[in-house]
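Below, chain A is the first sequence line, B the second, and so on; all start at residue 1.
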4 protein chains.
Amino acid sequence: MSRKPNTEARRAEIIRALQSVMATHGYEKATIQAIAKEAGLAPGLLHYHFKSKQEILVSLVTSLADYGQRRFEQIAGKAESPMDLLNAYLEARVGLGDGAAAEIVAAWVMIGAEAVRQAEVREVYQRAIATELELLSELLANCLRERQRVTTGSRDLAAALLAMMEGAYQLASATSGIMPVGYAAQSALRHAMLSIDAAPLATAS
Amino acid sequence: MSRKPNTEARRAEIIRALQSVMATHGYEKATIQAIAKEAGLAPGLLHYHFKSKQEILVSLVTSLADYGQRRFEQIAGKAESPMDLLNAYLEARVGLGDGAAAEIVAAWVMIGAEAVRQAEVREVYQRAIATELELLSELLANCLRERQRVTTGSRDLAAALLAMMEGAYQLASATSGIMPVGYAAQSALRHAMLSIDAAPLATAS
Amino acid sequence: MSRKPNTEARRAEIIRALQSVMATHGYEKATIQAIAKEAGLAPGLLHYHFKSKQEILVSLVTSLADYGQRRFEQIAGKAESPMDLLNAYLEARVGLGDGAAAEIVAAWVMIGAEAVRQAEVREVYQRAIATELELLSELLANCLRERQRVTTGSRDLAAALLAMMEGAYQLASATSGIMPVGYAAQSALRHAMLSIDAAPLATAS
Amino acid sequence: MSRKPNTEARRAEIIRALQSVMATHGYEKATIQAIAKEAGLAPGLLHYHFKSKQEILVSLVTSLADYGQRRFEQIAGKAESPMDLLNAYLEARVGLGDGAAAEIVAAWVMIGAEAVRQAEVREVYQRAIATELELLSELLANCLRERQRVTTGSRDLAAALLAMMEGAYQLASATSGIMPVGYAAQSALRHAMLSIDAAPLATAS
DNA sequence: TATGAATGAGCTTTCATTCAT
DNA sequence: AATGAATGAAAGCTCATTCAT
């Protein structure tokens with residue numbers, strides 16, 4: 001009698017198509033027509049499932065943030081020590097990826113630029129970054145504790161590592177050869193370890 | 001009798017106007033009308049001095065790269081030791097800036113996104129990044145040499161620091177409070193020093 | 001076993017929903033989606049019960065015309081003298097109404113505008129107006145006869161009163177405070193009475 | 001050297017074109033393309049001279065209101081007595097018009113409908129109506145004074161006449177033969193005179 | 001050099017209508 | 001009878017670019 005809803009599946013398809021088109025053409029040039037074509041849908045359908053183009057973008061941001069979380073949890077499953085967890089995190093973020101990874105990274109760079117100029121995008125982007133910062137900060141603190149170091153600097157260190165990763169995304173997407181994304185994982189890890197070792201010992205109080 | 005040519009001055013004004021509009025609205029929304037208004041010029045004049053809108057953007061990229069060079073040289077003038085020079089470099093790139101700095105930083109982030117999708121922009125962007133990498137690499141090698149360390153890792157370290165700075169630009173522009181630009185200078189410097197100290201000693205060969 | 005046909009009930013619901021949406025948004029902005037939502041029905045159902053959106057509009061016009069007739073007959077039931085009947089008519093048309101009345105009045109104004117541009121709507125609208133004119137004309141003639149006046153001018157007077165009422169609908173819907181609908185009843189009645197009194201006496205021929 | 005602005009002339013052309021298209025097709029169907037074609041201009045030019053389609057509509061409303069004022073003043077120039085002035089006013093509003101008049105009348109009817117649903121249009125429409133009411137009220141008061149009548153009812157009478165005229169516009173535009181516009185002038189005048197004569201005498205206070 | 005009007009392609013969005021279920 | 005997804009043709013609006021002055 002009644003037709004069954006398929007909105008969620010369609011929304012996912014559309015979001016994925018936006019990610020794909022944005023990666024190479026940017027947000028402005030990711031026209032509704034282009035996204036529809038990429039998804040193999042009629043253009044009008046996009047506005048049936050989404051109120052506006054911007055809503056697709058916002059959905060993409062949260063979708064990518066969620067994907068990052070899931071990927072970390074997946075890799076972290078096998079980890080045991082705090083150091084393994086940190087490693088898993090960096091791997092999940094900047095580990096050597098397949099073809100899809102490059103697309104995600106480029107899309108994320110475009111999102112970053114949109115976050116600068118669109119308040120609605122900035123909001124979700126900021127939330128995603130804050131969550132990352134929180135998580136990374138905690139992972140670092142655990143590493144520091146394990147080695148009996150003070151955890152005072154963990155948040156600053158997390159911010160530095162986060163910046164390094166975001167910058168690696170940018171450079172990997174916009175330049176060729178100068179800095180591969182995967183390469184950033186090593187740098188970040190090295191930086192983390194040097195900083196952890198350099199942190200003062202926590203004295204028993 | 002003859003009109004005094006003011007093309008260079010006009011071009012500079014227009015480039016500056018693009019930078020200003022891009023910082024808040026991005027490249028696509030930086031319309032010729034908006035740029036003209038910001039520069040206090042008639043819209044038609046922009047296409048008299050530039051062949052296309054993209055040409056203004058390309059000019060802005062080289063203009064900003066040159067500005068960065070000049071700023072470093074200016075600050076570096078007082079420097080004596082390799083460490084002072086490195087410090088000067090980081091200061092020039094991510095040192096505490098005034099209001100204008102935030103605009104430049106945001107514009108640079110937008111340029112980074114455009115470099116991903118426009119080949120012409122990518123070319124000049126890449127050249128600018130390569131030059132930076134070269135310079136920073138050299139500065140780091142000098143520091144390493146001064147401390148009798150091997151210089152093998154200087155280029156990788158430079159890449160990591162560059163990524164950190166670019167990422168700091170991004171986060172500073174798109175989030176509030178999470179990561180101020182100026183803050184990146186300290187992180188980068190700390191990272192540099194830790195890495196230098198951790199580098200193996202150069203043995204006399 | 002057999003499904004109970006409810007087409008008529010559904011049609012009425014849909015017509016009522018169009019009236020409601022049109023009152024505030026006009027005909028063009030009364031989208032099928034909006035009408036369906038107002039009626040609490042699925043959008044697709046509207047085209048099952050009506051061939052087109054315009055058909056709903058045409059049905060609304062006749063529906064409102066019928067409603068007007070019924071309302072008059074209802075109020076007129078208690079009337080005895082020609083003057084009472086005239087009074088009843090004006091009361092039915094522009095008498096103080098409840099909330100629903102404002103909606104009906106506004107919808108009628110929108111219908112009037114559509115009648116100007118859509119031939120199909122104009123046809124039924126014109127028929128409705130002609131019927132009104134006929135009725136009012138007759139009511140006035142009766143009043144004139146009762147007072148032994150010539151009935152020559154009754155049709156012109158009816159037209160003037162009709163115009164006044166339509167204009168009152170318009171002003172009541174588009175302005176606030178300047179002219180309440182209910183207020184028009186008094187003006188029309190006064191005009192009618194003055195005109196009746198001023199009409200020449202019918203001489204026995 | 002510089003091109004001289006012609007915005008005012010162009011705006012007038014565009015406004016006139018909207019009036020023309022609206023008269024037969026209504027506001028929604030008066031597309032930018034249609035208006036441009038009617039005016040013999042490129043579609044894009046309309047948005048160069050007007051920020052939005054609605055702004056053209058609002059301009060048309062004030063333009064028509066101004067035109068009405070000028071027309072009255074022109075006709076009133078020859079008038080001497082208060083009665084002549086009243087006559088001139090009604091003539092200016094509903095007097096037999098040429099072809100252009102029918103267009104203006106139809107356009108005004110469409111504007112009335114838009115005023116119901118668009119706040120911005122309602123505002124200027126309301127202002128125009130209020131001005132008319134004020135003027136007509138004053139004219140009627142003068143007539144009453146001349147005949148030593150109390151002026152208490154002048155505003156109510158003005159409202160009734162205004163409604164009658166607006167209704168005549170509607171009926172004249174949407175029906176054929178039932179009520180010509182020009183015919184309303186006589187009805188209104190007759191109503192005015194009957195009311196004036198029926199008004200109580202002003203006693204010397 | 002400089003102005004600002006003009007052009008037209010292309011954008012996002014809306015929507016009546018159709019149709020598979 | 002009923003559902004809600006799907007379609008595609010417009011709609012209003014934007015904008016780089018051109019051009020007459």
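A straight line from CD of D:Gln33 to C1' of E:dA9 spans 11 Å, rounded to a whole angstrom. Taking atom CD of residue D:Glu8 and atom P of nucleotide E:dG4, one finds them 15 Å apart after rounding to whole Å. Put simply, CG on A:Leu46 is 17 Å from P on E:dC15, counting in whole angstrom units. At whole-Å resolution of the value, CZ in D:Phe50 and P in F:dT14 are 15 Å apart. To the nearest angstrom, P of E:dA16 lies 11 Å from CG of C:Leu18. Atom P of nucleotide F:dA11 and atom NE2 of D:His25 are separated by 11 Å, given to the nearest angstrom. When rounded to the nearest whole Å, the span between NZ of C:Lys37 and C1' of F:dA2 equals 19 Å. Per the geometry, CG belonging to D:Leu41 stands 20 Å off P belonging to E:dG4, to the nearest Å.
In terms of phosphate contacts, A:Thr7 brings no side-chain nitrogen or oxygen within less than 4.0 Å of OP1 or OP2 of F:dG4. Remark: B:His49 is in phosphate contact with E:dA2, judged by side-chain N or O atoms under 4.0 Å from OP1 or OP2. Between D:Asn6 and F:dT21 there is no side-chain polar atom (N or O) within less than 4.0 angstrom of OP1 or OP2. One finds no side-chain N or O of A:Arg3 lying less than 4.0 angstrom from the OP1 or OP2 phosphate oxygen of F:dA6. Contact annotation: A:Tyr48 side-chain N/O to F:dA5 OP1/OP2 distance is under 4.0 Å.
Looking only at side-chain heavy atoms (C-beta outward), C:Leu64 and C:Leu60 come within less than 4.5 Å of each other. In this structure, A:Tyr27 and A:Lys53 have side chains that are in contact, with non-hydrogen atoms separated by less than 4.5 Å. The side-chain heavy atoms of D:Met22 and D:Leu57, taken from C-beta on, include a pair separated by under 4.5 Å.
Out of E:dA20, E:dT13, E:dA6, the shortest distance to the side chain of A:Ser52 is found at E:dT13. Distances were taken from every side-chain heavy atom of B:His47 (C-beta onward) to each of F:dA2, F:dA16, E:dA2; the shortest belongs to F:dA16. Distance from the side chain of C:Thr31 is smallest to E:dC15 among F:dA16, E:dT1, E:dC15. Proximity note for C:Pro43 (side chain, C-beta onward) versus F:dA16, F:dC13, F:dG4: the nearest is F:dG4.
Salt-bridge annotation for C:Lys51 and C:Glu120: absent, with no side-chain N of the basic residue lying under 4.0 Å from a carboxylate O of the acidic one.
Nearest-nucleotide positions on DNA chain E for B:Leu45 and D:Leu45 put B:Leu45 closer to the 5' end. Each of B:Gly40 and C:Tyr27 was matched to the nucleotide of DNA chain E holding its nearest heavy atom; the match closer to the 5' end belongs to B:Gly40. Nucleotides of DNA chain F nearest to A:Ala42 and D:Lys4 differ in position, and the one nearer the 5' end is that of A:Ala42.
Defined by atom type and a distance below 3.5 Å, a donor-acceptor pair is present between the side-chain atoms of D:Gln118 and D:Gln54.
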So what's the dot-bracket for DNA chain F: Watson-Crick or G-U pairs under 3.5 Å, [ ] if a pair crosses, | if it pairs off-strand?
.||||||||||||||||||||
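Within 4.0 Å of D:Ile32, counting heavy atoms only, lie sugar-phosphate atoms of the nucleic acid but no base atom. Backbone-only contact: B:Lys29 has heavy atoms under 4.0 Å from sugar-phosphate atoms and none from a base.
Judged by distance alone, the side chain of C:Ser59 and the main-chain N or O of C:Glu55 form a donor-acceptor pair under 3.5 Å.
In B:His47, the NE2 atom is crowded: over 12 heavy atoms of neighbouring residues, nucleotides or ligands sit closer than 6.0 Å.
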Please evaluate residues B:Glu13 and B:Arg16 with respect to the criterion salt bridge (charged side-chain N to carboxylate O under 4.0 Å, His left out), reporting the C-alpha separation (whole Å), side-chain torsions for both, the decisive distance (0.1 Å), and the verdict.
CA-CA 5 Å; B:Glu13 286 170 32; B:Arg16 172 143 213 113; over 6 Å; no
